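One structure is given below, encoded as structure tokens.
Owing to the predicted nature of the structure, the values given are computational and were not obtained by experimental measurement. Only this structure's heavy atoms are used, side chains among them; waters, hydrogens and symmetry mates stay out.
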Amino acid sequence: MRSPDALQAANRVLAARLKACEQRLFDCESELRIVTSAVPVGIARIDRDLRYRFVNAAYLRSLSKRNADDVIGQPMAEILGDAAFKVVLGRLEQVLAGWTVDFEAVRPTPSGPRHIHATYVPEYDEQNAIRGFVAVIEDITERKISQGRLHEREREFKTLSENAPDTIARLDRELRYLYLNRAAETAFDVRAEQCAGLTAPELGFPDRYVVATTDMVIEVFARAAECSASFSIDSPSANETRHFVARGVPEFDRDGAIESVLLIVYDFSERMRTQHERDRLLDSEHLARRQAEAAARSRDEFLAIVSHELRSPLNGIQSWAHVLESQWRRPVDAPADASALLARRAVAGIRTGVEQQVRLIDDLLDATRIVAGKLSLSLGPLLLTPIVLAAAASVDVRAREKRIEFHVDLALADAMLDGDADRLQQIVWNLLSNAIKFTPAGGNVWLSGRCGEDSSGAHAVIRVRDDGRGIRGDFIPHLFDRFQRDETGNSRGHDGLGLGLMLVRHLCERHGGSVAAHSLGPGQGATFTVSLPLRADAAAAPRACAQPAPLSGLPGLDGARLMLVDDHHEARDSLAVLLVQAGAVVDGIESGDEAARRFEPDSSWPRPDVLICDIAMPGTDGYETLRRIRLTERLAGSDPVPAIALTAFAQNEDRIRAHDAGFVMHLAKPVMVGELIATIAALVRHRQSG
């Protein structure tokens, strides 16, 4: 055991060492502070929450700030401003994911745009977790301006530079230098008057230069014609290789004999470097473009798969709901049973949930198409009133469930416009759905429509008003942005992704119109106003707005034989039950191979009246299945069986591809049963009459 004196001595030693370490740390910090303050590039240290922890003087100057205390602890978005922050937002995500990011960008500033070169390096803590990053920012605006000016000057003097050699010399038949220009003096570090009468080896010129130019000059004297040669010279001091082209031009005396050779040597090293850099950048651009195209294809394929995988089970759910609903139908005068009423209510809830999920899927896909610039519209002359009424009818049940008084006042008369019926109905549906969602039970929702005219022409004004929760005034400017939700009190606890109003704005603008929102504040309700331009020529025949057929009053299928091909057994079985209830004979098949085999000449299975086929199936998909069936029918000389594509691939390009493949109809899952039965009945009647 140590004595107290020994412990005290040890403590003094440790204290001295600690003090020395602290002094070294202080010295290092001081040196770092001095160095970072002296360097001309901006340096900042930013934590994972995107708040500044350190900035040097150059970084402060780039922000037009004088005091670091005005920046330290503040978020980047606030310091940089929205416009500049959006420029670097994607890079921030990369560096916080562990990547070192190096890029150039144009940053808007009060004094005008500035070009910057930035490097973001991730910073790790003791557990090797990313706790932030270090940003090195260099303002390269002047360099960019200089490069631009240099490019202009090079272009202006292009003709002159092509005919002005770097080095000019004159040699006689003994290969002695008779003259060197000033450029040659600089290139070879000689004086012209000292070179007269000496050869290149005697002047100590580089060996490669001597060999290339000597052989070429000898050839010019021998051929009495211009010759050229190229060569390279390694420069160890500059750690580079320089490339040259030499031209030999014969000079004749009065008698036509070659008196001397004019040697012109061009240094095209910079051109070679530029060409190599251009080739490298071009290769990088091609690679980036291929990667971007591959990423876009992958995104589209992923969205198609997501749509299919979400829609397929919904088709089974909706079909089974229809089956249950059909089992509980009773005569009008039959007494109501409490359990049956509850079951009907449950089925209605299931169908409503399916409709909401389908709408959510469609909104997600539409939002993605908008971002990618791929949202297409099918425009044509339309009557506006049926479209608005159809949207109102689609939300009427939901309003009644919440005991909301739904007031409709339309004075659109025969107002017509050029538009897409489905998309216009989507606009009104979204606004009405939001109004019902944010209006408490027992409230009111008003839907009105009027025609007007101003300096821009005739237009229709559709207004949706409610007395619900209202909207904060500071949130209204962001209301139509993507994924925006007023979470402070107006939408908390409500479903949705904040895409509906973004879609409304985009669709209004695509139709040449606009949408605006107004609210006096929380608890004061909200009003949404849509303005759409009307047709100047009202004589064109309007297209009908498609309406889903109700279950009651549908035509019976009266023993029609149907082949239903779908690998998803729930969707296949539930739909088969519904079609059997409608009077059809249904052959349910789970693979395209089996469906194609049943059309072969030696098959004992009877040919169906209508083929209903899924598209995305393992092995043989719907397109290949129909191709094989059509080939079998052509070889047998039989009429083609009408085919319906019933698929979860519901985008416009999927519909076009299905028609190109030979399907007469394309119906998206989850299918409206009334629409499917009516379509089958029409095809059966057409087949029987033809």
Side-chain angles (χ1 to χ4, degrees), residues 359 362-363 365-395 406-435 445-466 471 476-482 484 499-519 526-547 651-652:
R359 179 62 64 178
D362 288 340
D363 283 352
L365 294 176
D366 285 344
T368 304
R369 295 188 193 107
I370 288 173
V371 173
K374 294 184 177 180
L375 184 67
S376 60
L377 302 182
S378 179
L379 300 177
L382 296 168
L383 285 173
L384 187 56
T385 299
I387 295 172
V388 178
L389 289 176
S394 65
V395 299
F406 192 9
H407 310 272
V408 179
D409 178 20
L410 297 181
L412 296 171
D414 295 329
M416 289 179 55
L417 74 166
D418 287 321
D420 185 313
D422 293 334
R423 296 304 186 181
L424 289 171
Q425 186 171 331
Q426 185 178 1
I427 292 172
V428 182
W429 185 92
N430 270 323
L431 295 179
L432 289 174
S433 296
N434 276 355
V445 172
W446 293 267
L447 170 64
S448 64
R450 296 289 186 273
C451 292
E453 190 167 355
D454 55 21
S455 58
S456 62
H459 57 272
V461 176
I462 301 170
R463 186 168 285 111
V464 176
R465 182 167 64 91
D466 64 74
I471 308 169
I476 288 180
H478 309 287
L479 194 60
F480 296 97
D481 294 342
R482 183 172 42 156
Q484 291 296 320
L499 293 173
L501 292 180
M502 184 272 286
L503 293 172
V504 167
R505 182 185 65 179
H506 183 82
L507 293 175
C508 286
E509 292 174 350
R510 288 290 299 274
H511 283 86
S514 62
V515 61
H518 174 72
S519 176
T527 301
F528 288 83
T529 303
V530 172
S531 179
L532 298 170
L534 296 178
R535 285 179 58 92
D537 177 16
R543 297 187 305 171
C545 178
Q547 299 291 331
Q651 301 186 53
N652 285 337

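- When all heavy atoms are compared, the tightest approach of Ala392 to Leu447 is CB-CD2, 3.9 Å.
- At a threshold of 4.5 Å between non-hydrogen side-chain atoms, the residues Leu417 and Pro533 do not count as touching.
- Using modelled atom types, no side-chain atom of Ser519 and backbone atom of Ala526 make a donor-acceptor pair closer than 3.5 Å.
- Closest approach of Cys508 to Val530, counting heavy atoms only: SG-CG1, 3.7 Å.
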Discussion item. For a side-chain contact (heavy atoms from CB on, under 4.5 Å) check, start with the C-alpha distance between Leu501 and Asn430, then their side-chain angles and the critical distance, and finish with the verdict.
Written reply: CA-CA 7 Å; Leu501 292 180; Asn430 270 323; 5.9 Å; no
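- A side-chain donor-acceptor contact under 3.5 Å links His459 to the backbone of Gly457.
- Applying the side-chain contact (heavy atoms from CB on, under 4.5 Å) rule to Arg463 yields the partners Ser448, Val461, Thr527, Thr529; only residues at least two apart in sequence or on another chain are considered.
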Practice prompt. Report the C-alpha separation of Gln426 and Leu503 in whole Å, then their side-chain angles, then the decisive distance to 0.1 Å, and conclude whether the side-chain contact (heavy atoms from CB on, under 4.5 Å) test is met.
Written response: CA-CA 9 Å; Gln426 185 178 1; Leu503 293 172; 3.9 Å; yes
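- Listed by chain and residue number, nothing satisfies the ring-ring contact (aromatic ring centres under 6.0 Å, His included) test with His518 (two or more places apart in sequence, or in another chain).
- Of all the heavy atoms in Arg450 and Leu410, the pair that sits closest is NH1-C, 4.2 Å.
- In plain terms, the two heavy atoms of Ala517 and Phe528 that are nearest each other are CB-CE2, 3.6 Å.
- Considering every non-hydrogen atom in both Val395 and Ser433, the closest pair reads CG1-OG, 3.8 Å.
- Annotation: side-chain contact (heavy atoms from CB on, under 4.5 Å) contacts of Ala435 (sequence neighbours excluded): Val445, Val464, Asp466.
- Shown here for Ala460 and Leu384, the closest heavy-atom pair between the two residues is CB-CD2, 3.6 Å.
- Annotation: side-chain contact (heavy atoms from CB on, under 4.5 Å) contacts of His511 (sequence neighbours excluded): Leu377, Leu379, Asp420, Arg423, Leu424, Leu532.
- Taking CG of Leu479 as the reference point, atom CD1 of Ile471 lies at 4.5 Å (rounded to 0.5 Å).
- The CH2 atom of Trp429 sits 8.5 Å away from atom CG of Asn434, with the distance rounded to the nearest 0.5 Å.
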Item to complete: Report the C-alpha distance between Phe480 and Met502 in whole Å, list the side-chain angles of each, state the deciding distance to 0.1 Å, and finish with yes or no for side-chain contact (heavy atoms from CB on, under 4.5 Å).
Response: CA-CA 5 Å; Phe480 296 97; Met502 184 272 286; 5.8 Å; no
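- Legend: residues meeting side chain to side chain donor-acceptor pair (under 3.5 Å) with Asp418, ordered by chain and number and at least two apart, are Arg535.
- With sequence neighbours excluded, the residues forming a side-chain contact (heavy atoms from CB on, under 4.5 Å) with Ser514 are Ser531, listed by chain and number.
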